[in-house]
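For reference, the structure is listed below as structure tokens.
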Amino acid sequence: MAAKPRRSTYVPQEIEPKWQKIWTDRGVMKADDAATKPKFYNLVMFPYPSGPLHMGHMRNYVIGDLLSRFKRMQGFEVLNPMGWDAFGLPAENDAIQRGGGVHPEDWTRGNIAIAKRQLGIMGVLYDWDREVTTCDPSYYRWTQDLFLLFLERGMAHRMMSPVNWCPVDKTVLANEQVINGRCWRHPDVEVEKRDLEQWFLRITTYADRLLDDLALLDDWPEKVRVMQANWIGRSHGVEVEFPIDGHPGESMRIYTTRPDTLFGVTFMVLAPEHPLVDKLTVSGQRRAVQEVVEAARKEREIDRMSSEVKRLGAATGANAINPLNGEKVPIWVADYVLITYGTGAIMAVPGHDQRDYDFARQFGLPIRRVIAPPDGSPHDPDEEIEAAYTEPGVMVNSGQFDGLDSKTGFERVADYIELKGIGKRSVKYRLRDWLISRQRYWGCPIPVVHCEVDGIVPVPREDLPVLLPRAYKPLADNADFWRTKCPKCGRDARRETDTMDTFIDSSWYFLRYTSAHDDTQPFDPELANHWMAVDQYTGGIEHAILHLLYSRFFQKVLHDAGRLEATEPFTRLFTQGMIKRGGMVMSKSKGNGVAPDDLVDRDGADAARIYELFIGPPDEDAEWSDAAIAGPVRFLQHVWRLVEAPESFAVTGSDASAAVLHRRVHQTIRKVTEDYDGFHFNTAVAALMEFANALQKYLQGGGARDEGWHFALRTLVLLMNPMAPHAGEELWVRLGGTGLAADAAWPEYDAAAAVEPEVTLVVQVAGKVRDRLTVTAGISEDQALASALASERVRAALNGGRPSKVIFIPDKLINLVP
RNA sequence: GUCGGCGUGGCGGAACGGCAGACGCGCCGGACUUAGGAUCCGGUGCCCGAAAGGGCGUGGAGGUUCAAAUCCUCUCGCCGACACCA
């Protein structure tokens, strides 16, 4: 064996590139589909390549890399892939902002190259053989293939939908491109609302399963499950027909979740877009109603959030008849009722709904109380009410239903409505079908052809992919693209010029990783079933709803199509917090990003990685400090000197104990293993720092550099290896380890060896700490009490008396209550 | 407005019914040194005290408990998500 490299100073720049090359050359992170070891699919959310990565992005990849290295050492066959969410508007925006000189594809490819290099210099490893790039025809061919599957299964359809239209660009704008009702590129041009045929995916078909299956996701953050549940927004209610006075045969269908308040209806409201508005409005009200309709339409286009104070409304002049009590109530039109939810019409119960209450107050409409608080307070139906009472209570002023509680009342009234045939129970969702059409350039073309004779004709699978042309302009403006022949009849036809929402691309990429080179299908079901579900998915909370919901939807559709066994794609989800600097989230636009390149140059990748892990609990936001990285730098130098130059620590005491050291090793293995498993990376770093401090104390106490010492060093190096893999590998070699540290087995701890023989017993008198005793672990209450009473300070605190009560927590505390 | 999260030293944070402030940054003092933005040693919540020691302390007010940063109620502040979903 050649002479060991000797250097007592830690110079990360000298070792990091070397190990990065070795890992790549040896294919350390290549996943073997045929391995017999238990599999572990470790996934981080793939990035949108919008430019160089900063340390805010990097947190995600550092955590993911730590986990994949940790799981490998624990004996799992780890699939740890990476790719690029490469289609999307920012590529177009950026190209335009730079004067149109850069083609979105070139811009994207350039950014990918930069980001990939940055991941490399941080020592973050992936199985790059499985790399996917969503804008690559080899990928989006299969996105198109899956679209056809959705189409065949009736899960994709076209319907009219309003879109934002810029009259100058003659193009559709995404919601984010509409600023104060104006085009983001033309601040003096008002955006128009146009109704266009748009493609939708029928995610609402899966609303119940997407909601109910959240219960299966025990290892998801509660927060994310709540957000998804709210987003789906299932509500149980009743649809009721209100006949319209003077319009025989005409009726107004409303949806309510509070049928128990039906006797409190004092008016009705139609959404401005409701088809009955025109029919019912009397001539005297036509102008007022028209104004509301117009204003409401404008309002939708301008900033809706700012327009919630004043409600717009006008009476139609028509009246509805309450089918429960026969009362005539006026029908209004108001902007606070949405055409897109329920039936687009409501019964207004101002006594028990705050929005109805506000509206009634604004327009002087009557307010009636029909639910009394359960405490039995008075309930004069006409008394002045200061706010809507929205809690459950007891039905009053409600005819034969008086005295029922809200819950029972709901059922009885619903029964009555169904019995009389004037309505039925109904479940509604806040979730809408997924509008996937984009009328831009940089996206995946929707693979259908419009034929005058055959209608919508799917592009035959063998003709996929429908290639995105190189010419950078909206597809609708590219006749070379859309001029085609009908695949069915051969006549002239028009290719679909919509592209797909990029969330489609990212709804199945984790499946493609399992067989990234399959050129016969989107993914190989056998391999997908082998690796799926993803065991650990790590990413930002900003994707808590859309990306995760859409991916779950895809998984379920593919399951129903017989392509996948698992019904949920991600077993365990971790959402990491954001890195801030100067109080703001790190971002390119704010200019407060810290480049990994600079940190690597100055302090090394390992220190940068440890600092990101040490900065705070990974699920919480953290404030970046430019100075605090000094701690991890010193820690690595410290470990280096312990291994390479232990003689530099002068002997200054004489209390080194091999037994203490040995115990400390096992305690640290336990602590670090548990912290990695529990995502407490910050305390894992702290534990290793303490361990290094303990090793130094041992040396300074005159400890022998024997096998016990070397065992401690090897353990330290292996435990820190997932965090600081370059230093880990280098020191592993210098300690005489065989093979790569990345391939070494994770240290196991001996629970018996980790037990402390002596513990500090806190002695309290009346709950106040009066003494601390060092006692043998496991002593009995009697022994502990005797020791406690032997203490001068305890006796003083007891004033010579005897405790009337003793609380004893073994090995921790004894509390004497006088 | 609804839902959720978070408030602990100068700073990042630890402890998550049982010693509040682990670990680190910063700061103060010392050692070694020609020198040090290196390394090592000691100190560092606040108040009283020379010390021993004592008191007070986890946004605020109550409560439960032998014991509360931790559990409960109310309240204030910050952050996030959804935002007229009947």
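So that the names make sense, note that chain A is the first sequence line, chain B the second, and so on, each numbered from 1. What you see below is based on every heavy atom in this structure, not just the backbone, and it leaves out hydrogens, waters and symmetry mates.
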What's the [atom1]-[atom2] distance between [X] and [N], to the nearest Å?
X	N	atom1	atom2	value
M720(A)	rG24(B)	CE	C1'	17 Å
M689(A)	rG12(B)	CE	P	17 Å
N693(A)	rG42(B)	CG	C1'	15 Å
L312(A)	rC84(B)	CG	P	14 Å
L699(A)	rC40(B)	CG	P	12 Å
I579(A)	rG12(B)	CD1	C1'	11 Å
N230(A)	rG4(B)	CG	P	9 Å

Check the phosphate of [N] against [X], side-chain N and O only, distance under 4.0 Å to OP1 or OP2. Yes or no?
X	N	value
R641(A)	rC40(B)	yes
Q362(A)	rC84(B)	no
K223(A)	rG5(B)	no
Q764(A)	rC19(B)	no
R430(A)	rA83(B)	yes
N682(A)	rA22(B)	no
R634(A)	rC40(B)	no
S648(A)	rC40(B)	no
K768(A)	rC56(B)	yes
Q637(A)	rA38(B)	no
Q354(A)	rA86(B)	no

Taking atom [atom1] in both [N] and [M], what distance in whole Å separates the two?
N	M	atom1	value
rC66(B)	rG12(B)	C1'	35 Å
rG4(B)	rC48(B)	P	44 Å
rA15(B)	rG29(B)	P	33 Å
rC23(B)	rG9(B)	C1'	14 Å
rU73(B)	rC79(B)	C1'	24 Å
rG77(B)	rC32(B)	C1'	50 Å
rG57(B)	rU70(B)	C1'	16 Å
rG53(B)	rA31(B)	C1'	31 Å

> Looking only at N and O atoms, is any donor in the side chain of R311(A) or the base of rC84(B) less than 3.5 Å from an acceptor on the other one?
Replying inline: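 Such a pair exists between side chain and base.
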
Residue matched to [N] through Watson-Crick or wobble contacts both under 3.5 angstrom:
N	answer
rA15(B)	none
rA20(B)	none
rC82(B)	rG1(B)

Scan nucleotides 44-48 of chain B against the protein and return all N/O pairs shorter than 3.5 Å with their distances rounded to 0.1 Å.
none

> Is the ring centre of F679(A) less than 6.0 Å from the ring centre of F681(A)?
Replying inline: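 Aromatic pair counts; centres sit under 6.0 Å.
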
>> So, taking the atom named CG in L270(A) and the one named CD1 in I346(A), what distance separates them when rounded to the nearest 0.5 Å?
In response: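 Reported to 0.5 Å precision, the distance equals 9.5 Å.
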
Regarding [X], tell me which of base, sugar-phosphate or nothing describes its non-hydrogen contacts under 4.0 Å with the strands shown.
X	answer
V762(A)	base
Q700(A)	sugar-phosphate
P632(A)	nothing

Among [options], which nucleotide has an atom closest to any side-chain atom of [X]?
X	options	answer
T683(A)	rG18(B), rA15(B), rA86(B)	rA15(B)
E690(A)	rC40(B), rA81(B), rC23(B)	rC23(B)
V817(A)	rG54(B), rC66(B), rG26(B)	rC66(B)

